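Report on one structure; see the data block that follows.
Just so it is clear, the values below take in all heavy atoms, side chains as well, and ignore hydrogens, waters and symmetry mates. All figures in this text were calculated on a predicted structure; none of them were measured in a lab. Note on naming: letters A, B, ... go to the chains in the order of the sequence lines (proteins, then strands), and numbering restarts at 1 for each one.
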Amino acid sequence: MKTRPVFITGVGLDLPDTSSPESLTGPALSTSIERDPGVLRRKLGRGLTFKDHATRLALSAAHDALVDAGLPVHASEQRDQPRIGVAASSNFGNLDTVCRVAGTIGNGHVRDTSPLDLPNASSNVIASSIALRFGCKGLNLMFCSGGCSGVHAVHVLANAIRAGRIDRAIVVGVEVRNEFTSSLWARTVRAWLGADALVPPLVDGAAALLLESETSARARGVRPYAVVGPSASAPASSLAATLSALAHSVPGALDVWFTPNLHYPALADRVEAAWSTWARRPPAREDIAAIVGESYGVSGVLQCLRASTRLRASKEASAIVTSGGACSEATASLLITRPPTEWS
Amino acid sequence: MSRLAITGSAMMTSVGLDRDACFDALCAGRSGHRPFLWFDGNRFKVQNAYGIADAPLDEREPPLRASRWLVQVIERAVAEARLPADVLEHTPVIVGTGLRELRSAELWAREGQPLQAFQLHFEAAVAGLLRGNGPVITLSNACSAGNFALAVAEDMIRLGEADAVVVAGTDSLTESMVGLADRANPLKPERLQPFDRDRKGVILGEGAAALVIESPSAAAKRNIEPIAWLRGVGTSCDAFHETAPDPDGIAAAMREAHERSGRGPGQIDLLLAHGTGTALNDEAEIAAFRAVFGAQAARVAISGLKSMTGHTSGASAVVGVVTAIECMRRGVVPPTAGLEQVLAAGSDFDFVRGEARRMPIGNVQVNAFGFGGVNAVAILESAS
């Protein structure tokens with residue numbers, strides 16, 4: 001099958017105290033989870049009352065990606081063509097709802113629960129809420145694959161565009177920090193690195209991309225940020241081979257590598273080892289975790305967002321993003337390149 | 001549109017712990033409906049579910065049951081496909097699931113049972129089995145997750161990204177989902193009765209199933225005869241309501257499936273319906289089926305497996321596809337158990353009920369719809 005190029009044409013962000021992609025160049029962001037509810041209300045209007053925190057953050061970032069791409073944000077403005085797909089990536093989005101409801105039942109009876117929790121008990125509430133809010137009737141997927149989840153989401157939705165299943169896609173990564181998610185993450189890191197390991201704060205935020213087929217982008221005369229390239233998976237121990245295979249598909253030397261989270265010494269060693277074996281001029285490195293903390297299911301989307309804005313603002317032509325690798329999870333990498341000159 | 005080879009399959013549900021036991025029980029109209037295995041009945045209105053009794057009931061419920069079933073079914077499907085180690089190493093695994101390992105999260109939060117964050121998804125569980133570089137992608141797509149996993153696999157193979165993909169589904173019951181469904185239902189269903197006038201709602205079940213999908217040339221090169229063909233998967237999202245289904249969205253997924261598969265209403269012999277036994281789903285499914293199939297609707301045999309397995313959530317679509325393959329291989333269709341009076345909207349349709357029906361089957365449609373209006377429809381073709 002002929003492979004059609006897939007572009008990133010919009011980006012959106014909702015992190016504590018910022019929605020600006022420029023803030024990802026440093027210094028480290030606030031780890032607060034407080035947000036001004038007025039901002040979200042002004043952006044999205046009504047209908048948020050029964051949405052959980054993760055869904056709200058995801059809607060906020062998705063909204064900004066649509067606006068950035070110059071696309072309508074009201075469901076009534078969408079038509080059946082072009083077909084818009086949605087992917088959300090999150091591991092912790094509804095963990096609090098599930099644990100809290102199970103606790104309520106365990107200490108009492110199902111009649112003590114609220115039926116309003118029903119939609120939030122299904123992990124795909126984030127992806128389906130985005131579709132409902134913005135009128136997206138194409139393929140709708142919820143990725144819960146750990147730290148690789150965001151890269152999986154971008155890659156699979158790009159495939160769906162290449163395969164002609166959809167013309168555009170909103171891809172969102174979101175994680176939330178609360179008593180359940182912080183506790184589970186901390187015990188996981190300590191089981192991996194030892195009881196005295198320093199556990200980085202989990203991100204409480206969302207990142208979003210708008211992906212688009214070449215035909216769709218051309219019809220709108222939009223200027224893309226970047227092109228989504230091939231993806232590869234590997235255990236952290238074989239990062240070097242994976243990266244070199246991906247890097248070989250770009251003509252020049254790779255310009256920048258968005259690394260896995262260097263906070264963890266065991267993973268940082270793997271990254272150093274892979275970087276030191278680079279055959280040609282080694283790329284610049286960027287570690288988003290140093291700015292936002294552990295972003296887990298958001299990381300792949302966030303790295304693609306950062307790669308998009310970095311390539312647009314520089315003369316650099318190519319980047320690899322690598323997510324995952326913490327707590328013995330696999331890694332997933334994705335190549336992102338500058339659009340052909342006719343587009344810039 | 002070319003077709004993809006299905007070279008291995010496996011399933012387990014409350015009616016049987018392997019594929020043959022499952023299919024035989026389904027054809028016999030046997031139900032897996034039983035009292036809760038580990039949940040405390042005093043805390044629920046409903047008292048039954050379609051659980052898999054896979055551990056001693058006088059001990060604590062063990063964590064990670066969905067992960068264990070997943071490993072078992074993948075192991076069997078891969079063995080049937082005789083996938084060699086060098087292929088397996090690069091084979092992506094796409095797991096469709098409604099509830100991931102959220103039951104283990106409940107046991108962690110409530111009882112302090114062991115859990116690590118990465119065990120909420122299935123990479124670590126299958127890594128030991130496949131030892132590979134292929135991604136393990138966990139899609140938590142509610143009740144249609146299995147067919148969405150199939151769609152993702154279809155794209156990977158058609159785009160030349162993989163020669164073979166393992167598609168699986170797995171789900172164990174969570175107290176939160178069983179409880180909230182119980183809370184939201186004003187009725188107290190005694191059993192799941194798809195398409196019955198007196199249906200009272202959904203009851204959840206447990207299950208797992210797996211398939212090996214390959215490019216036809218890769219299967220031929222290995223001299224492997226497919227057990228069936230995957231013609232194509234159509235997907236849509238209603239973007240209509242959080243929990244209520246929309247016939248237009250369902251119809252869109254069916255039409256896309258027909259378009260992608262090159263198989264239309266005139267060629268489909270059997271529909272394995274989503275049929276959850278809720279007032280809204282069954283009406284919407286019937287309406288969409290009639291809208292898309294028109295004059296052909298009355299000649300298609302229809303069966304609803306959830307009448308026997310319960311609603312196995314994200315696993316249900318893969319259970320449906322594995323069952324569809326057995327129907328085509330053996331020329332027999334399981335009945336919709338307990339379907340006594342067909343709902344008025346479908347009274348002219350050909351539901352298989354009472355007992356299994358022998359019939360030749362060329363093409364099967366497997367429907368799957370989920371919370372949030374996420375629809376995925378698969379079209380399969382007989383290998384003979």
Could you check which of [options] has the highest count of heavy-atom pairs closer than 4.5 Å to chain B?
options                        : value
A:T181, A:N159, A:V101, A:V86  : A:N159
A:E329, A:R165, A:R111, A:H109 : A:R165
A:G135, A:G108, A:G103         : A:G108
A:G85, A:A153, A:A102, A:S128  : A:A102
A:S122, A:P119, A:A121         : A:S122

For A:A88, check side chain to side chain contact (heavy atoms under 4.5 Å, CB included) against everything at least two apart and list the hits.
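A:A88: side chain to side chain contact (heavy atoms under 4.5 Å, CB included) contacts with A:I126, A:A127, A:M142.
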* Asked: Of all the residues in residues 167-180 of chain B, which have a heavy atom that comes within less than 4.5 Å of a heavy atom in chain A?
  ->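 At a heavy-atom separation under 4.5 Å, chain A is reached by B:E175, B:S176, B:M177, B:G179, B:L180.
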Residue [X] versus chain A: region with a heavy atom under 4.5 Å:
X      : result
B:N375 : neither
B:H90  : neither
B:D238 : backbone
B:Q119 : neither
B:A252 : neither
B:I137 : both
B:V136 : backbone

Determine whether a donor-acceptor pair (N or O, by modelled atom type, separation under 3.5 Å) exists between the side chain of [X] and the backbone of [Y].
X      : Y      : value
A:R187 : B:L115 : yes
A:N91  : B:A117 : no
A:S145 : B:T138 : yes
B:E123 : A:A330 : yes
B:R183 : A:T113 : yes

Heavy-atom distances under 4.5 Å only: say whether [X] touches chain B with side chain, backbone, both or neither.
X      : value
A:A160 : both
A:V156 : side chain
A:C144 : both
A:S114 : backbone
A:Y296 : side chain
A:A332 : neither

Q. Ion pair present between A:R100 and B:E106, side-chain N to carboxylate O less than 4.0 angstrom?
A.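 Salt bridge flag = no for B:E106 with A:R100.
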Exercise. Could you tell me whether A:R162 and B:D155 make a salt bridge, using a distance below 4.0 angstrom between a side-chain N and a carboxylate O?
Key: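 The answer is no: the pair does not qualify as a salt bridge.
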With a 4.5 Å cut-off on heavy-atom pairs, point out which of [options] contacts chain A the most.
options                        : value
B:G98, B:A253, B:A124, B:S236  : B:S236
B:G370, B:G234, B:S144, B:A142 : B:A142
B:F118, B:F240, B:F122         : B:F118

Legend entry - Distance, nearest 0.5 Å, that separates CH2 of B:W108 from CG of A:L95: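 Output value for this atom pair is 6.0 Å.
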Worksheet entry | A:N94 side chain to B:R100 side chain, donor-acceptor N/O pair below 3.5 angstrom |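 Judged by distance alone, the side chains do pair up.
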